[in-house]
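This report refers to the structure that appears directly beneath it.
Atoms considered below: every heavy atom in the structure, side chains included; atoms not considered: hydrogens, waters and symmetry mates.
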Amino acid sequence: MAFLMKSMLSNQVKNLGLGGGGEENKEENAPSDPAAAAGMTREEYEEYQKQMVEEKMERDAAFAQKKAERAVLRVHLREKYRLPKSELDENQIQMAGDDVGLPEDLQKMVAEDQEEEEDKDSILGQLQNIQNMDMDAIKEKAQATFSEMKQAAEQKCSVM
């Protein structure tokens, strides 16, 4: 209870500006030089800042490269499925600058997909699809269609 009363009263006194400005004293005693605040000499601090900037530039370049690789993949998929192009992807690829390609693991996946599609499009792939068809269902559907056409013709033609 005493703690609660003390904290409430000290906050009120600080707000009135009558004293208790311990926080202001702490701020005044702080060194103005960031190198001194970090515990380094001026030269060490400048070298540290240069390293930080270089590392940030490297991270940004790697991030831009990854974004461009993803954009290349999206462009590839859009071409594959005949979807509209995106200017955002093209801009990301241009911003990367270098010749951007798909990563190796994605290239393998794309190659596998292309092989599967080529197999499906070939004559042997079509023959395999014929084997998988349900011939009874096809016969029933053909007979139903034929009987519907026959009934439509009988209704329209007075000779039959």
Side-chain angles (χ1 to χ4, degrees), residues 3-4 7 10-11 14-15 21-153:
F3 173 74
L4 182 62
S7 64
S10 65
N11 287 337
K14 288 178 187 176
N15 289 339
E23 293 176 6
E24 293 175 8
N25 292 337
K26 290 179 184 176
E27 291 176 5
E28 291 175 6
N29 293 336
S32 61
D33 187 21
M40 298 183 224
T41 63
R42 187 75 168 151
E43 293 81 24
E44 289 174 342
Y45 186 74
E46 289 175 2
E47 183 66 30
Y48 174 75
Q49 290 296 326
K50 287 180 186 177
Q51 287 177 346
M52 295 298 288
V53 169
E54 289 174 3
E55 289 175 4
K56 184 179 182 332
M57 290 173 57
E58 290 174 8
R59 285 193 310 270
D60 290 345
F63 182 68
Q65 180 72 20
K66 289 288 184 185
K67 283 177 69 172
E69 288 174 356
R70 292 182 196 116
V72 167
L73 179 63
R74 286 191 298 269
V75 166
H76 173 74
L77 291 174
R78 283 191 176 101
E79 289 174 0
K80 178 179 176 180
Y81 295 110
R82 296 179 186 97
L83 298 173
K85 293 182 180 181
S86 172
E87 290 183 24
L88 179 65
D89 289 340
E90 293 173 6
N91 291 340
Q92 286 178 349
I93 293 170
Q94 289 176 356
M95 286 175 59
D98 298 331
D99 184 32
V100 181
L102 293 175
E104 292 180 20
D105 53 347
L106 293 177
Q107 286 178 350
K108 291 177 185 177
M109 290 172 53
V110 168
E112 290 172 2
D113 288 345
Q114 287 177 346
E115 289 175 8
E116 290 176 9
E117 287 182 13
E118 289 173 1
D119 290 343
K120 289 179 183 178
D121 292 340
S122 69
I123 295 174
L124 292 176
Q126 296 298 329
L127 288 175
Q128 289 175 352
N129 286 341
I130 290 174
Q131 291 175 354
N132 295 336
M133 289 185 190
D134 185 14
M135 295 305 276
D136 293 330
I138 293 173
K139 285 180 186 177
E140 290 174 10
K141 189 173 183 179
Q143 288 175 350
T145 305
F146 180 73
S147 62
E148 287 176 12
M149 289 175 56
K150 185 177 177 182
Q151 288 175 356

- Side chains of Val53 and Met57: closer than 4.5 Å at any heavy-atom pair? yes
- Task: Measure the CD-CD distance between Gln94 and Glu87 for me, rounded to the nearest 0.5 Å.
- Result: 10.0 Å
- Given the options Gln49, Glu43, Gln51, Glu47 meets side-chain contact (heavy atoms from CB on, under 4.5 Å) only with Gln51
- Task: Verify the neighbour count for atom NZ of Lys80: are there more than 12 heavy atoms of other residues, nucleotides or ligands below 6.0 Å?
- Result: yes
- Item | Separation between CG of Asp113 and CE of Met109, rounded to the nearest 0.5 Å | 6.5 Å
- Query: For Arg74, which residues count as a side chain to side chain donor-acceptor pair (under 3.5 Å) partner, sequence neighbours excluded?
  - Reply: Asp89, Gln92
- Between CD on residue Gln65 and CZ on residue Arg70, distance to nearest 0.5 Å: 11.0 Å
- May I ask you to check whether Glu44 and Tyr48 show a side-chain donor-acceptor distance below 3.5 Å? no
- Query: Does the side chain of Ile93 reach to within under 4.5 Å of the side chain of Val72, using non-hydrogen atoms?
  - Reply: yes
- Message: Let me confirm one number: the NZ-CZ distance from Lys150 to Phe146, rounded to the nearest 0.5 Å.
- Response: 6.0 Å
- Message: I need the minimum non-hydrogen distance between Arg78 and Lys85, along with the two atoms involved.
- Response: CD-CA, 4.1 Å
